[in-house]
Structure formats: structure tokens, C-alpha cells
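One structure below.
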There are 2 protein chains.
Amino acid sequence: MSNLETKADFFKALSHPSRLLILGLCKQKPRHTEEIAEILKLSKATVSHHLSLLATAGLLESERDQYYQNYKLQHELLERKIEEIIFEGVKGFADATDPFRAKVLRDFFKHGRLSQIPAQRKKREIVLEKIVQSFEYDRAYPESEVNQIILEFHDDFATLRRELIGLGWLHRENGMYSRVKV
Amino acid sequence: MSNLETKADFFKALSHPSRLLILGLCKQKPRHTEEIAEILKLSKATVSHHLSLLATAGLLESERDQYYQNYKLQHELLERKIEEIIFEGVKGFADATDPFRAKVLRDFFKHGRLSQIPAQRKKREIVLEKIVQSFEYDRAYPESEVNQIILEFHDDFATLRRELIGLGWLHRENGMYSRVKV
DNA sequence: GATATGATTCGATATTTGTCAAATCGGATT
DNA sequence: AATCCGATTTGACAAATATCGAATCATATC
């Protein structure tokens with residue numbers, strides 16, 4: 001449940017009356033496709049489609065029993081608060097409209113490039129935050145690509161890369177780097 | 001958040017990436033339409049549409065400030081667990097596949113009509129549950145219509161109607177009846 | 001291994017949803 | 001009261017989704 005698309009799809013799975021009914025039925029006991037189709041007066045194909053969406057969202061799991069595929073409610077996600085899901089992994093970064101932040105960015109970035117690395121920790125974090133935003137989540141980067149991306153901002157990519165790791169915004173594992181959700 | 005459609009619409013409001021982003025933006029601070037449109041690179045019209053869905057779902061509230069309409073995050077619903085919302089007001093009625101229940105229904109219903117009113121409370125509840133399912137939620141019925149519906153099952157509509165009220169499954173107000181969610 | 005049976009996938013269609021430009025609205029400013 | 005300005009609504013179109021029948025699949029059963 002990391003990126004926005006996945007979260008939206010999770011809620012999309014819950015966004016149809018039939019699918020909510022299906023969850024209710026599977027809450028009572030595991031159900032198979034035809035049984036649900038019968039109760040809801042829908043075709044098997046349609047129910048199979050709904051079940052697939054619910055299973056992909058992690059709300060149901062299925063298990064075969066003889067001829068039947070039984071779908072069982074999964075509780076983990078249902079027990080979570082809506083906001084936990086929506087804002088999970090959303091960066092706790094500063095408001096983009098913070099005036100101090102805006103001034104620091106204006107002072108240190110010239111034509112998109114970092115004119116110098118701020119000495120003050122607070123200011124350095126602001127420019128580092130800006131830089132880390134060039135990295136996507138859910139993707140691994142080789143060191144060469146990390147360097148290349150940072151080079152777009154400043155020549156001393158080694159220092160900046162080390163700082164990003166130090167702040168925990170980039171993670172290194174087996175020689176590959178990935179952006180961390182904070 | 002009573003009926004299925006409303007619940008589905010609530011989750012539908014959360015089922016688009018742009019709308020999740022909008023919630024994130026409005027979490028930081030109240031935002032107005034153009035501001036969001038600018039950040040998300042969408043037209044004002046589109047953002048207005050998204051905002052309308054989120055507000056209808058109860059996730060945002062808006063307030064005018066000078067020229068601007070500021071949208072503010074509403075926390076109540078976000079703090080609730082998913083299952084609370086999905087299963088809120090879902091009838092605690094017996095599993096339709098319960099064998100005892102099935103037997104009672106078989107014994108007392110002949111060709112869709114109640115052959116006699118069960119004397120035992122437990123059995124009576126089962127047949128009354130069956131009858132109340134002929135009523136829709138979120139609709140008011142005049143007494144004449146209530147009687148007519150119950151008449152389809154048994155001649156003694158007065159007794160059955162009184163029992164349904166007694167169980168709290170039908171509610172009477174100003175001479176009109178409505179089905180209660182239990 | 002042939003067959004029966006429930007599940008899934010495919011293909012087609014109807015409905016719903018997302019998007020934007022243009023027109024309209026409604027409160028603020030002058 | 002005339003004008004300004006952001007928000008909303010309207011109308012049109014594109015994209016995504018729901019639905020079903022038919023074809024295909026997977027696996028129990030014989």
C-alpha cells in the first residue's frame with residue numbers, strides 16, 4: 001500500500017455496492033462464486049470480476065475446496081483506520097508554502113542548480129528535501145544513476161548522497177539505492 | 001452513512017489518486033480551488049468536481065474567505081476503521097444458510113405464504129425477519145401499504161405488524177412506517 | 001484419460017467517470 | 001450599480017468500469 005495508485009485502487013475495490021455486499025456475505029462465512037451470484041442475482045462472470053478486485057485489494061483470499069473456490073474475508077486491512085491508509089508513507093515534509101523554506105530555496109537554488117551547500121543543518125535539510133524529490137518511490141537506483149541525478153543539482157554528489165542516506169531519505173542495500181517514505 | 005449506495009459513494013470519493021492528493025494538501029492547511037489546480041496541473045473545473053465529491057462524502061468542508069473558497073479536511077470519518085463504515089448498520093440477522101433457520105422457514109412457509117405464526121419466540125423471529133426483508137430501507141410506508149405487504153404472507157397483518165415494531169425492525173412515526181437498520 | 005463442474009477469461013456493449021473549455025454564478029471591490 | 005474574480009455548472013468527449021454470454025481453463029471424479 002505504498003503509492004497513490006495502489007491506495008486509490010484499494011478504495012476503488014470498496015466503491016461498488018455489490019462488492020460491499022460480497023464482503024458482508026463473506027464475513028458470515030466463506031462463499032464460492034456461484035453461491036454469491038445466486039444471492040445477488042448477477043452472472044458468474046460479473047461476480048468473478050468483483051471477487052478478483054476484492055482479492056487483489058487484499059480484502060478476500062480464496063482457497064479451493066473440491067469443485068469450489070471459497071472466498072474468505074481478510075480482516076487486517078479492514079481493521080485499519082482510513083487515514084492510516086490514505087496518509088501511510090506520505091512525506092512529513094514541510095509545507096511547500098512555508099516562507100522560510102521558500103526563501104532558502106530561492107537563496108540556494110539558481111536556475112535549478114544548487115549554488116552552494118548550506119552550512120546550517122536546517123537549511124541543508126530543506127535543499128536536500130528538494131533534491132530527494134527527484135527520486136521516485138518503489139524503485140531501486142544503481143549508484144551511478146543516483147550520482148547522475150544529484151549532479152544535476154551540484155558537483156559534490158558524494159557529500160549530498162551521504163547526507164541523504166544520513167537523514168534516512170535514501171536507503172542503500174546491496175549496492176542499490178531507493179527512496180524511503182518518511 | 002446508512003445505505004449501501006452511500007457507503008459505496010464514500011469509498012468512491014477516495015478511489016482516485018488526485019483526490020487522495022487533494023486530501024493530503026488539505027491536511028497541511030486549508031486550500032482553495034485554484035491553488036490545488038495549480039499544484040496538480042489540472043483545470044479549475046476538474047478540481048472543483050473532485051472537491052465536490054470529497055465534500056459530499058464528508059471528507060472536506062469549505063468556507064469562503066474573500067474571493068476564495070477554502071476546503072478544510074474533516075477528520076471524523078478518517079479516524080474510523082474501514083470495517084466500521086462497511087458494516088455499520090448491517091443487519092445482525094442470522095446467516096441465511098443456518099440449518100435451523102432453513103428448517104423453520106421450510107416448515108412455516110408454504111408457497112411463499114406463512115401457514116401459521118410460530119408460537120416459539122425464536123422461530124417467530126426467523127419468520128418475522130423473512131417478512132421484514134420485503135421492506136426497503138430509507139423509505140416511509142403508509143400503514144395501508146405495510147398491511148398490504150404483510151398480507152402477502154399472512155392474514156393476521158395486525159399481529160405481525162405489532163411484532164415487527166416490538167422487535168424494533170419497523171419504526172412508526174407520524175403514522176408512517178420505515179424499516180430500521182439493525 | 002475422458003468427462004463433469006465450477007471458475008475464469010474474452011469480447012462486446014452500456015453505463016459511469018474524468019477531463020476541459022466556455023458559460024454562468026455569487027460574493028467582493030470600486 | 002457596475003465590475004471584478006474565483007468557483008461552479010454545463011456540455012462535450014475520452015477513458016474506465018460493469019455486465020453478460022460464450023469460450024476456455026483447471027481440477028475432481030469416474
Side-chain angles (χ1 to χ4, degrees), chain A residues 3-26 29-73 97, chain B residues 3-26 29-73 97:
Chain A
N3 66 75
L4 269 181
E5 287 290 339
T6 308
K7 293 176 185 179
D9 285 343
F10 171 76
F11 291 113
K12 204 171 295 181
L14 293 169
S15 73
H16 193 285
S18 297
R19 290 198 286 270
L20 295 181
L21 279 171
I22 289 173
L23 290 179
L25 291 171
C26 292
K29 63 167 195 176
R31 308 267 189 174
H32 61 267
T33 313
E34 281 203 316
E35 180 181 7
I36 296 171
E38 172 74 19
I39 296 174
L40 301 187
K41 309 287 182 214
L42 292 172
S43 73
K44 284 191 301 178
T46 300
V47 170
S48 190
H49 165 69
H50 287 317
L51 288 170
S52 156
L53 292 178
L54 289 167
T56 301
L59 294 161
L60 294 179
E61 283 208 354
S62 70
E63 197 178 59
R64 198 180 182 91
D65 174 36
Q66 294 186 326
Y67 284 130
Y68 304 89
Q69 196 75 22
N70 278 318
Y71 284 83
K72 189 171 185 296
L73 193 68
T97 64
Chain B
N3 65 74
L4 268 182
E5 286 290 339
T6 308
K7 292 176 185 180
D9 285 343
F10 171 76
F11 290 113
K12 205 172 294 181
L14 293 169
S15 74
H16 193 283
S18 297
R19 289 197 286 271
L20 295 181
L21 279 171
I22 289 173
L23 290 179
L25 291 171
C26 292
K29 62 168 195 178
R31 309 267 190 174
H32 61 267
T33 314
E34 280 205 316
E35 181 181 5
I36 296 171
E38 172 75 20
I39 296 175
L40 301 187
K41 309 288 182 213
L42 291 172
S43 74
K44 283 190 301 178
T46 300
V47 170
S48 190
H49 165 68
H50 287 316
L51 288 169
S52 157
L53 293 178
L54 288 167
T56 301
L59 294 161
L60 294 178
E61 282 209 353
S62 69
E63 197 178 59
R64 199 182 180 89
D65 175 35
Q66 294 188 326
Y67 284 131
Y68 304 88
Q69 196 74 21
N70 278 318
Y71 284 83
K72 189 170 184 301
L73 192 68
T97 64

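Protein chains get the first letters and strands the later ones, always in sequence-line order, with residue 1 at the start of each.
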Rounded distance in Å - CD (B/E34) to P (D/dG6): 5 Å
Can you measure B/L54 atom CG to D/dT8 atom C1' for me and round it to whole angstrom units? 16 Å
Short side-chain N/O contact to D/dG6 OP1/OP2 from B/Q66, under 4.0 Å: no
Tell me which donor-acceptor pairs under 3.5 Å the side chains of residues 51-63 of chain A have, and how far apart each pair is, sequence neighbours excluded?
residue	atom	partner	partner atom	Å
A/T56	OG1	A/S52	O	2.8
A/S62	OG	A/Q69	NE2	3.2

First and last nucleotide of DNA chain C, 5' to 3', lying under 4.0 Å from heavy atoms of chain B: C/dT17 to C/dT29
Round to a whole Å and report the spacing from CD of A/E5 to P of D/dA16. 10 Å
Find the distance A/R64:CZ to D/dC25:P and express it as a whole number of Å. 15 Å
Restricting to non-hydrogen atoms, name the atom on A/S48 and the atom on A/T33 that form the minimum distance, rounded to 0.1 Å. N-CG2, 4.1 Å
Please list, pair by pair, any protein nitrogen or oxygen found under 3.5 Å from a nitrogen or oxygen in nucleotides 18-21 of chain D.
residue	atom	partner	partner atom	Å
D/dA18	OP1	A/R19	NH1	3.2
D/dA18	OP1	A/R19	NH2	3.1
D/dA18	OP2	A/H49	NE2	3.2
D/dA18	O3'	A/H16	NE2	3.4
D/dT19	OP2	A/H50	NE2	2.5
D/dC20	OP2	A/S43	N	3.0
D/dC20	OP2	A/S43	OG	3.2
D/dC20	OP2	A/T46	OG1	2.7

Under 4.0 Å from OP1 or OP2 of D/dT8: is there any side-chain N or O of B/Y71 that close? yes
Rounded to whole Å, how long is the line connecting atom CG of B/L51 with atom C1' of D/dG6? 13 Å
Distance check needed: D/dT17 C1' versus A/D9 CG, whole Å only. 12 Å
Are the side chain of A/R19 and the backbone N or O of A/L21 linked by a donor-acceptor pair below 3.5 Å? no
Take the protein atom OH of B/Y68 and the nucleotide atom P of D/dG6, then report the distance between them rounded to whole Å. 5 Å
Rounded distance (Å) that lies between atom P of D/dA7 and atom CZ of B/R31: 13 Å
Do A/R31 side-chain atoms and A/I36 backbone N/O form a donor-acceptor pair below 3.5 Å? no
Does the side chain of B/P17 come within less than 4.5 Å of A/N3's, by heavy atoms? no
